[in-house]
Amino acid sequence: MLDLKYVVENLEEVREILHKRGAEARASIDTIAEKAEKRRRVIHRLQELRTGQNQANALMAKLDKKSGAFAQQRDALRQIASEIKGLESEHREIEAEISNLLLHVPNLPADSTPVGKDASDNPLVRSWGQKPEFDFEPKDHTDLGLALGIIDFERATKISGARFSFLLGHGSRMIRALMAFMLDLHGEEHGYTEIWSPVIVKDETMRGTGQLPKFAADSFRIDWSWDEHQENQGHDLYLIPTAEVPVTNFHAGEILDAEQLPVTHVAYTACFRSEAGSYGKDTRGLIRQHQFDKVELVRVERPDQGEAALEKLTAHAEEVLKRLELHYQVVLLCSGDLGFGSRKTYDLEVWLPGQKAYREISSCSWYGDFQSRRANIRFRPAKGEKPKFVHTLNGSGLAIGRTFVAILEQYQQKDGSVRVPDALIPYMGGVEVVKARES
RNA sequence: GGAGGAGUGGCCGAGAGGUCGAAGGCGGCGGUCUUGAAAACCGUUGAACCGGCAACGGUUCCAUGGGUUCGAAUCCCAUCUCCUCCGCCA
């Protein structure tokens, strides 16, 4: 969420910068400015009335309760009290209107985010490794996995529907191996604190990181209409689309000490996405599932460290691909392709020989104070100073399902077996090659 | 699921319709004293918002949301959270 004061004081600039996103959000900026002015007037009047009321009330306390003066004064104050009550409800209303509008406005892209229209304008930043060469026609992971007997879509569809999967044997084992490998790398070598998290969160938590209110359709909401008390719960529950949501909100509502920063967390969680609007896209295979596993990196930083931390975070995510010796490239998202809450984002794209394409396997973003303002996460720069909003960052390190896909496709051999990356062999219990399951 | 109890400032803890942003203590910060430190003593110590170039002034906040009242931390209602006991359960 943007700072209302900043928006009002820099109207032109905000309009201009949002224009780079090609966003329809610009229109609401003018409405917000109008409402902000109205809000100011209401608050001002309200305070005047209250000052008067407070002074009069102080006198009341000293008056003889049986005197005529008391009765007279009381009647006069009734008038003021009811006027205040009216203004208060007007005030509540306008605050709600403003924050509702503000919650729908995307973040301002950073200066270093290139201006562009869509993904085709994303500049290539760097590339690592080489496309593996095959003296045969490489298969895609679906064919490989089915032939090896380590993936089963049909039965998953039977029990859960489309976009779900069973993994078996070394397939299942490899998910577990990747999870442990990534957690160890980031935890032990990159210094992140491992954290295990709930995967069901309140709507306000989703609002904190920006998934709500605008992207409700992208997530799974829990239906607890079976609970006769549900209307008294005061909140909805959602399955998290990424560990970013619970982990970034870990310090929601808190004021951190400066020495606590940066807070760095690495979390493994299952992730759930409705994938509404992606009908017909990636219907085959493991690329786009309703449920997938991900190891996520989250950093909470001092504002002056925010943008620099994005480089560190991205390097940490890249290290996973390097250790696994998977060819990939890094692109910088342009303003038109940038996520709602992000100021700057690097995407890591891994090479998939079966698709002959680079596919996103990690997205590393710097949010500035966009999320911390929503989630109210602050820090005190120094003793006696006012709290300020922190900067938040997060990035996949990595999406496990897609890493599994990349390994199958980049490490496949002519006979349909798949070599296990050296770094992963210890985590696979010494298995060096995944061969067809006999069973 | 049943029965009780509790939610006050960084922490502990008073308060019980009017002068309470809230006694007292602890902790933190500044100072006096000391060769240094401790002790002792003195002072200071929350957040958000509005107005103002500023000094400063004002408003709101005692779990949350409503209500009663001229006036609520104090009374009423609802919700949330925590604790204790019983039951059930991975």
Side-chain angles (χ1 to χ4, degrees), chain A residues 1-9 32-100 102 196 198-208 222 224 226-237 246 249-261 270 369 372-390:
Chain A
M1 175 161 72
L2 301 180
D3 179 13
L4 176 62
K5 200 186 272 178
Y6 183 86
V7 171
V8 171
E9 287 170 3
I32 288 170
E34 273 171 41
K35 303 250 184 215
E37 174 55 24
K38 189 175 166 204
R39 168 180 175 274
R40 201 188 53 77
R41 284 200 309 269
V42 169
I43 288 177
H44 196 72
R45 176 72 186 135
L46 200 51
Q47 290 190 355
E48 282 176 354
L49 286 173
R50 282 196 180 125
T51 303
Q53 189 188 35
N54 287 344
Q55 286 167 355
N57 278 332
L59 290 178
M60 291 286 279
K62 291 180 187 131
L63 285 179
D64 176 3
K65 298 213 173 12
K66 287 174 196 129
S67 69
F70 184 89
Q72 200 177 8
Q73 181 79 329
R74 189 193 55 207
D75 293 342
L77 281 178
R78 275 203 184 121
Q79 197 71 25
I80 295 182
S82 89
E83 196 178 342
I84 286 179
K85 208 154 273 183
L87 266 182
E88 274 176 342
S89 82
E90 196 177 337
H91 179 223
R92 263 198 301 276
E93 222 168 90
I94 198 158
E95 290 285 358
E97 283 171 4
I98 288 174
S99 79
N100 193 40
L102 227 37
W196 188 89
V199 296
I200 296 179
V201 298
K202 298 180 190 177
D203 46 10
E204 67 180 64
T205 308
M206 293 282 276
R207 198 154 29 243
I222 308 274
W224 53 358
W226 46 268
D227 183 347
E228 58 185 16
H229 298 300
Q230 58 134 352
E231 57 185 5
N232 296 328
Q233 298 287 357
H235 58 260
D236 284 337
L237 287 178
N249 278 289
F250 184 69
H251 287 302
E254 298 181 18
I255 299 174
L256 304 169
D257 294 330
E259 308 82 65
Q260 283 178 267
L261 300 178
D369 59 13
S372 61
R373 180 169 288 109
R374 286 169 167 247
N376 195 22
I377 310 167
R378 294 172 295 173
F379 79 108
R380 202 178 296 281
K383 280 256 184 284
E385 278 188 50
K386 293 215 161 211
K388 290 167 85 167
F389 289 111
V390 298

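Letters A, B, ... are given to chains in the order of the sequence lines, protein chains preceding strands, and every chain is numbered from 1.
Closest heavy-atom contact between A:N249 and A:A375: OD1-CB, 3.4 Å.
A:R45 comes within contact range of no nucleotide atom at all, as no heavy-atom separation falls under 4.0 Å. Residue-level contact check: A:R378 touches the backbone only, with heavy atoms under 4.0 Å from sugar-phosphate atoms and none from bases.
Comparing B:rG17 with B:rG67, their C1' atoms are spaced 15 Å from each other, to the whole Å. One C1' atom belongs to B:rC70, the other to B:rU19, and the distance between them is 16 Å to the nearest Å. Taking atom P on both B:rU69 and B:rG15, the two are 28 Å apart, rounded to the nearest angstrom. With both ends at atom C1', the span from B:rG18 to B:rA72 equals 10 Å, rounded to whole Å. Atom name P, nucleotides B:rC62 and B:rC11: the rounded distance is 16 Å, in whole Å. Separation of the P atoms belonging to B:rA3 and B:rA78 is 15 Å when rounded to the nearest angstrom. B:rC82 and B:rU34 are spaced 48 Å apart, taking the C1' atom of each and rounding to whole Å. Nucleotides B:rC53 and B:rA16 have their C1' atoms positioned 46 Å apart, rounded to a whole Å.
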Using a 4.0 Å heavy-atom cut-off to protein, can you give one letter per nucleotide of nucleotides 65-73 of chain B, 5' to 3': B if the base is in contact, S if only the sugar-phosphate is, - if neither? -S-S-BS--
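With rounding to whole Å, A:E254 atom CD is found 15 Å from B:rA47 atom C1'. For A:R380 and B:rG10, the CZ to P distance is 9 Å, given to the nearest whole Å. Whole-Å rounding puts the A:R41 CZ to B:rG58 C1' distance at 20 Å. Separating the CG atom of A:L59 from the P atom of B:rU19 is a distance of 13 Å, rounded to the nearest angstrom. For A:R50 and B:rG51, the CZ to C1' distance is 16 Å, given to the nearest whole Å. Atom CZ of A:R39 and atom P of B:rA48 are 14 Å apart (whole Å).
A:R40 has a side-chain polar atom (N or O) that falls below the 4.0 Å cut-off from OP1 or OP2 of B:rG51. Regarding contacts with the backbone of B:rA48, a side-chain N or O of A:K386 is found under 4.0 angstrom from either OP1 or OP2. Note on A:N54: a side-chain N or O is less than 4.0 Å away from OP1 or OP2 of B:rU60.
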Test log, rule salt bridge (charged side-chain N to carboxylate O under 4.0 Å, His left out), inputs A:R40 and A:E37: CA-CA 5 Å; A:R40 201 188 53 77; A:E37 174 55 24; 3.0 Å; yes
Dot-bracket for RNA chain B, 5' to 3', with Watson-Crick and G-U pairs under 3.5 Å, [ ] for crossing pairs and | for other-strand pairs: what is it? ((((((((.[[[..)..(.....]]]((((((.......))))))((((((....)))))).[[[[[..)....]]]]])))))))....
